[in-house]
Every structure is written in C-alpha cells, then in structure tokens.
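Presented below is the structure to which this report refers.
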There are 2 protein chains.
Amino acid sequence: MTRERVIETARHMIEEGGVEALSMRKLAAELGVAPTGIYWHVGGREQLLTEIVDEVVDEMADLRPTGATARDRMASVARQIRRQVLDHPYLVELARELGQGPATAFPGQVALAREATAAGLQGEEGADAVRALLWLVGGFVMLERLPQQPDQPVQRTTTQELWKSVRDTDIDASLAKAMTRVPDPDTLFETSLQSLLDAVVPASATVRKSSRATRRG
Amino acid sequence: MTRERVIETARHMIEEGGVEALSMRKLAAELGVAPTGIYWHVGGREQLLTEIVDEVVDEMADLRPTGATARDRMASVARQIRRQVLDHPYLVELARELGQGPATAFPGQVALAREATAAGLQGEEGADAVRALLWLVGGFVMLERLPQQPDQPVQRTTTQELWKSVRDTDIDASLAKAMTRVPDPDTLFETSLQSLLDAVVPASATVRKSSRATRRG
DNA sequence: ACCTGAACACCGTTCAAGT
DNA sequence: ACCTGAACACCGTTCAAGT
C-alpha cells in the first residue's frame, strides 16, 4: 500500500526473475491491487526503476578497503566493486535501460580516489588511474558470463566454443588452446588487476609505510 | 518481400532509432505488409535480431592491424575494436538483450591473439593478456558515455557532475578536480591502453624486429 | 487521500484461411 | 509459396469516477 512497499516488492520481483519479470500489471497483482493503483504511489515504471537503482547504488557505496599498502587497498576496492555487481546481476541491465551506467560507478570512483591519494597519485594521472581500474571492472561485467538470471535468454555461444574451431598459424598453439578453456574468473580478474596496478601505481605505494606496521602484523 | 529485405530494413530502423524503435508491427508497416507477414520470412523478433548481430559482427571481423612493432599492432587492434563499437552504439544493447556479449567480442579476440603471438606471448599468459585488453575496451563501452541514441533516455547524471560536490580530505584536491572535468575519451583510452600494454607485453616486442625495417620507414 | 474501471494505444505471436 | 485477418495474451498509462 505504501510507496515503500511498492518499491520493495518491485525490487524483490526483479531480484527473483530479472528486470523483464517486472511489469506494472504483475506488480499490481502481487500487491493485490488494480494496475492503475500503483501510479498514485510511484510516478510510473521508469521512476520506480530509478528508485530501485538509487537504493542499490546506495548500498554499494559501503566499500571497506583492506590491506596494508595503498596498492593493496586499491585492489581490494576493485574486487569489492566486482563482487557487488556479481551480487546484483540485474543492476547492469537496469542501469543501461535508465542510462545510469556512469552514475552507478560513482561510489566506486570515490573509494578508489581515496586509496589512489594514499598511494601518492595526483591530478590527471590519478584520475586516469581511477578510471582505468573501473574500466577493467566494467569490462568484466560486460564480457564475462554473469551468473544466469532466471528468465534471461541463454548465452548462445561462448568464446571458448568458438576458439575450438580456430586454425590459425599466426596464433601460438598454446595460446589458442588456453582460449578454449573457460578461465577461472576470480584469478583472471586478479591477474588483470595486478597488471594494471603495476602500470598505474607508483612503486613506493607497494611498500608498507613504516616498519612498525610490519612488525605488528 | 525477401528475407534479406526484412533484415536490411530492420537493421536500418535500429540504426536510426535504437533497438526499441524496432517493433514487428512498425517493421511490417515500413515494409508495407501485415504484421504477421514477417513471420514467414524470419522466425520471430529474436531470430531477426540475432541475424542482425551476426551481420554486424561479421563486418567487425575486418580488423587491420597497423604499426611497426607487435605491441603497436596490438594497440591498433584495440583502438579499432573500440572505434567499431562506437560506430554501432546499438550493438551493445542488442548483444546484451540476446546474451551475445561474449560472441560479439570473438573477432577481436582472434585479431588480438594473432598480434600477441607476434609479440612473443604464449599459453595462459598470452590468453590473459588478450582478455585483459578486451576488458579495457568493454569497460569503456560500459562506463563512458556513448554517442546519444535518438530515442534513448537521457543520461541523467554524469559522474563529473557528482564529483563537483565531493568534499573529502582523504582525496587529493587536484585528483578530485580532474574528476570533475569531462575527459577526452580518445586520450583517456590511449593512456589506459598503453598502461595495460606496459604490464602485459614483454619489452622485446616494443623493439622493431630488424634495423632494415627501420631504415626503410 | 487513496483506489477502481474503462479506455487507449501499443506489443509479439499463432493459426486458419485465402490466393 | 507467400500473405492476410482475426484472435490471444500481454504491455504502460491516463483519467474520470468512486469511497
């Protein structure tokens, strides 16, 4: 009946069955109300979805960097962002539908900027480092298989399958074979992350600030 | 009338007004035919969209690496992939809707694998390098503003606007200020790309293979 | 203030019937 | 072989009318 209940049950429906599982009419049925009754509480479908995105993004703002060095803490933030997106698979679709992709990334940018500062990064160089790290996370979300949503269409062809039929003398055989194997997403992400950090974080930030901290740990 | 004409006009409609501009009924009107007439030629909406994605991906397979060193050619492939995606903004939406994200990235993977081989990369290490580079492109597509599609909802809030109200003593002032500026996407992409290549490509691949080649150029 | 019912303008798809 | 018309089961949204 209340605005809160509408948003809550709508979110629940999306979490169960993906974005397409939410229609105003099904939501009304779930609430035991006429389809038109919803419109008094929330403006319409788009407003409702925006409300949900804002809620989830707020929750995602809770990032807790861990690690002794600034570089480690940057890595931990990147990992947490990825983890949160994996925990809310529908969010990507939702954000795209609403044109909120960039806004969704904002809390992550702030958290990364904080650790980048601790790592001694400044100005344009620091900003570029933050953006590059987020791109890596975004790319993962874009190109790796997300845990299947219930109603979502099946991923038709994986790149791994496609690689099996590649015969190309210009491609190293061991490399081609590696592409046919489904990579472990966690370690693949970790490797890419560390590569980028190598390039982007000054070496000094990989060293613990004082020897006291080391002894304590 | 023909299957080809159906696919062609459907693609044209999407290129004009985005994916949501294409409905079976509007397509029928455009073809001067009853809505149900389409179903004899193409199975249905989903098959039609799949056909279009396949067509576009086929065209995208035409990647022409340029540059003297293997590293430069890897960079050029990454740039071309990004460029092609920017030229087909609807493709991202389409690929997601069909669960074809990974398959869309396949031609790029092959082209990158070829140059990675030339750069001396092999096995898992090489495969990881290819994937990391594609993630960077994918992240760009995901998080940067794409050229606005006609019917698409407006990007509500940019991260740049959001950064203007950030007051955080843990963030370097010059870094925070840099985040309020809209970055030049081309140079930002270039910087991230070079960073990742630094981390991922062996140093030997940045050197021209023979001194003869250098003299000729 | 809060909800309903009727109505409007859309969808994708099936399937018997026409030529 | 190719297309139409009627029909079905859906959408989101508006708006006058009810309590």
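Protein chains get the first letters and strands the later ones, always in sequence-line order, with residue 1 at the start of each.
D/dC11 atom C1' lies 13 Å from atom CD1 of A/Ile38, rounded to whole Å. The nearest whole Å value for the distance from the CD atom in A/Glu46 to the P atom in D/dC11 is 18 Å. Separating the CZ atom of A/Arg25 from the C1' atom of C/dA9 is a distance of 11 Å, rounded to the nearest angstrom. In this entry the distance linking CG of A/Leu27 with C1' of D/dT13 reads 14 Å, nearest Å. Taking atom CZ of A/Arg45 as the reference point, atom C1' of D/dC10 lies 13 Å away to the nearest angstrom. Summarising the geometry, the separation between CZ on A/Arg3 and C1' on C/dC2 is reported as 15 Å, rounded to the nearest angstrom. One interatomic measurement links the two molecules: CE of B/Met13 to C1' of C/dC11, which rounds to 13 Å at whole-angstrom precision. Nucleotide D/dC2 holds its P atom 15 Å from the CG atom of B/Leu31, rounded to whole Å.
Side-chain proximity of B/Thr36 to D/dC11, D/dA6, D/dC2: nearest is D/dA6. Among C/dG12, C/dA1, D/dC2, the nucleotide with an atom closest to any side-chain atom of A/Trp40 is C/dA1. Considering only side-chain atoms of A/Met24, the nucleotide from C/dT13, C/dC3, D/dT13 that sits closest is D/dT13. Proximity note for B/Val33 (side chain, C-beta onward) versus C/dG12, C/dC3, D/dC3: the nearest is D/dC3.
Between B/Lys26 and C/dC11 there is a side-chain polar atom (N or O) within less than 4.0 angstrom of OP1 or OP2. For the pair A/His41 and C/dC3, the criterion of a side-chain N or O lying under 4.0 Å from OP1 or OP2 is met.
A/Thr158 is not listed as a side-chain neighbour of A/Trp163, based on a closest heavy-atom distance of 4.5 Å or more.
Using a cutoff of 4.0 Å between basic side-chain nitrogens and carboxylate oxygens, B/Arg11 and B/Glu51 are not scored as salt-bridged.
Of the C1' atoms belonging to D/dC10 and C/dA9, the separation is 14 Å, rounded to the nearest Å. Going from the C1' atom of D/dC8 to that of C/dC11 covers 12 Å, rounded to whole Å.
Pairing partner, C/dT19: D/dA1, with both Watson-Crick or wobble hydrogen-bond distances short of 3.5 Å. Pairing of C/dG12, defined by two Watson-Crick or G-U wobble distances under 3.5 Å, is identified with D/dC8.
At a threshold of 4.0 angstrom between heavy atoms, the contacts of B/Gly44 are confined to the sugar-phosphate backbone, with no base atom among them.
Heavy atoms of other residues, nucleotides or ligands lying less than 6.0 angstrom from CD of A/Glu30 number 12 at most.
Judged by the 6.0 Å distance and 45° axis criteria, A/Arg79 is not positioned over the aromatic ring of A/Phe189.
Taken to the nearest 0.5 Å, the CG atom of A/Leu196 stands 12.5 Å off from the OG1 atom of A/Thr191.
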